[in-house]
There are 2 protein chains.
Amino acid sequence: MRNRPIPEATVARLPIYLRSLLDMAETTGELTVSSEELARRAGVNAAKVRKDLSYLGSYGTRGVGYDVEYLLYQITRELGLTQDWPAALVGIGNLGRALASYKGFSERGFRISALFDVSDDVVGTETGGLTVRHLDELKEVVAEDNICIGIISTPPNSAQEVAERFVDAGVKSILNFAPSVVNVPPDVNVRKVDLSIELQILSFYQQRTQAIATAREANRRLGAQGQG
Amino acid sequence: MRNRPIPEATVARLPIYLRSLLDMAETTGELTVSSEELARRAGVNAAKVRKDLSYLGSYGTRGVGYDVEYLLYQITRELGLTQDWPAALVGIGNLGRALASYKGFSERGFRISALFDVSDDVVGTETGGLTVRHLDELKEVVAEDNICIGIISTPPNSAQEVAERFVDAGVKSILNFAPSVVNVPPDVNVRKVDLSIELQILSFYQQRTQAIATAREANRRLGAQGQG
DNA sequence: TCGTGTTTGTGATAACGCTCACAAGCTCGT
DNA sequence: ACGAGCTTGTGAGCGTTATCACAAACACGA
């Protein structure tokens with residue numbers, strides 16, 4: 001079990017466990033945590049927690065639980081968060097500025113070390129302690145600062161071009177906030193965060209429950225009519 | 001097939017198809033689109049596109065493809081985007097302000113109709129044409145403006161309380177940008193967007209590929225040593 | 001030392017999702 | 001009218017993920 005590759009679904013949950021454990025370590029004095037408690041905090045099933053953690057190794061003690069600090073360390077290590085990953089952010093609009101000063105990144109070991117744009121209006125301005133540079137300097141800066149992660153927060157029609165510039169500069173990990181699909185070579189990893197897709201999914205289920213409520217209401221009235 | 005419930009995975013892809021189709025309708029003059037073409041634009045498999053669309057109904061024509069306008073309408077309707085969904089945003093920090101003025105929402109029929117915070121520094125200020133109100137007014141405003149969707153962009157430790165206020169006000173759909181798990185009754189739908197989790201997942205795979213490269217390098221040197 | 005109570009680790013199984021492959025069905029030219 | 005050439009819709013098979021259920025392992029008190 002230990003040497004099996006870690007399933008994607010598990011990798012996606014490790015950061016949630018990490019956050020829950022950090023929260024525990026700060027607020028409670030507990031030295032150990034059971035899969036049940038961790039599951040509750042992470043909002044998942046206890047069996048899932050145990051199976052997920054078992055992919056990392058047998059770090060629990062039966063009858064006791066998991067040592068909080070040790071587990072924290074193991075997950076941090078597994079996620080590669082013991083080293084810091086310099087990132088570059090392209091696209092300094094409203095969202096880009098918010099991301100540039102987002103504390104959640106730095107708290108988790110991600111340092112945005114360079115900002116880029118193409119518009120003369122923002123190139124040269126300062127945001128979150130960094131001066132915005134022109135996109136043409138990207139390749140050079142990536143090499144200098146050893147940048148590993150590219151973040152795209154441009155309008156959708158520029159995203160593909162920026163992605164290609166990142167690839168050309170040797171960046172292998174890209175996080176895309178622009179609402180568009182970007183195509184990259186197979187050795188490059190792209191993840192996307194789409195702010196409005198999630199709203200559209202909510203809309204689907206909201207409409208569905210409202211439709212059911214409406215149908216039930218109509219049905220109720222029909223029944224009343226039949227009886228009355 | 002037609003009356004089966006639509007799988008979650010399909011629902012999550014409908015917005016992507018929608019975006020691809022909108023893009024097509026604007027840029028190309030094509031009246032129809034094949035599953036192959038749509039798949040290419042959406043970055044998925046053609047068979048997946050066909051199966052996904054088949055859940056909505058038989059809207060394609062064999063040998064021809066799908067009528068772009070008709071498919072656009074059907075997906076829009078299925079996602080519940082024919083009506084607009086007023087949303088309330090709580091937490092007016094950097095991210096909150098960026099979300100409040102994010103064009104991607106309004107372009108897709110989501111109107112943020114009220115902003116809330118608790119800090120005296122921001123209550124009363126204006127952002128994106130709306131005046132920030134105090135969180136205590138939430139319930140009242142939700143009822144007045146018929147708000148269906150709640151968006152949370154507070155610090156993590158306030159998220160749960162805000163979620164409960166939304167639930168109390170009768171909101172059934174919540175989008176959570178705060179990096180924390182929120183618990184709600186089963187009839188309320190919460191989706192989360194976590195900006196840094198995606199980075200952590202990237203970090204995992206980045207580390208993995210770097211580790212492989214390092215091991216291969218070490219192995220190469222060992223081989224050279226053995227031979228030399 | 002042994003029994004009781006607790007919690008992990010993991011087979012087994014079920015549910016879900018993805019991909020393939022191909023018949024059914026359409027268009028168009030002859 | 002008919003055959004050639006496409007493209008859809010979907011059954012079948014496979015891989016992944018979730019859940020259950022329980023033996024193995026530990027702590028602790030008597």
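Each chain gets a letter, A, B and so on, in the order the sequences are listed, and its residues count up from 1.
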Identify the two heavy atoms, one from B/Ser153 and one from B/Gly91, that lie closest to each other, and give their separation to 0.1 Å.
-> OG-O, 2.7 Å
Return the residues of residues 18-47 of chain A meeting this criterion: a heavy atom under 4.0 Å from some atom of DNA chain D. Order them by number, or give none.
-> A/Asn45, A/Ala47
B/Tyr55 side chain near C/dG17 phosphate (N/O to OP1/OP2, under 4.0 Å) | no
Trace of the side chain to side chain contact (heavy atoms under 4.5 Å, CB included) decision for B/Leu22 with B/Arg19 = CA-CA 5 Å; B/Leu22 281 170; B/Arg19 208 165 58 198; 5.7 Å; no
Which nucleotide in C/dT8, D/dG9, D/dA18 has an atom nearest any side-chain atom of B/Arg50 | D/dG9
For C/dC18, take OP1 and OP2 only and decide whether either is under 4.0 Å from a side-chain N or O of B/Arg13.
-> yes
Taking only N/O atoms, report every protein-nucleotides 27-30 of chain C pair under 3.5 Å with atom names and distance.
none

Is B/Lys48 near enough to C/dT19 that one of its side-chain N or O atoms lies under 4.0 angstrom from OP1 or OP2?
-> yes
Under 4.0 angstrom between A/Tyr59 side-chain N/O and C/dT7 OP1 or OP2 = no
Among side-chain atoms of B/Arg50 and B/Ser35, is any donor-acceptor pair under 3.5 angstrom?
-> yes
Does the ring centre of B/Tyr59 sit less than 6.0 Å away from the ring centre of B/Tyr66?
-> no
Between A/Lys51 and C/dG9, is there a side-chain N or O to OP1/OP2 distance below 4.0 Å?
-> no
Using distance alone, with no hydrogens and no angle criterion, decide if B/Gln74 and B/Glu78 have a side-chain donor and acceptor under 3.5 Å apart.
-> no
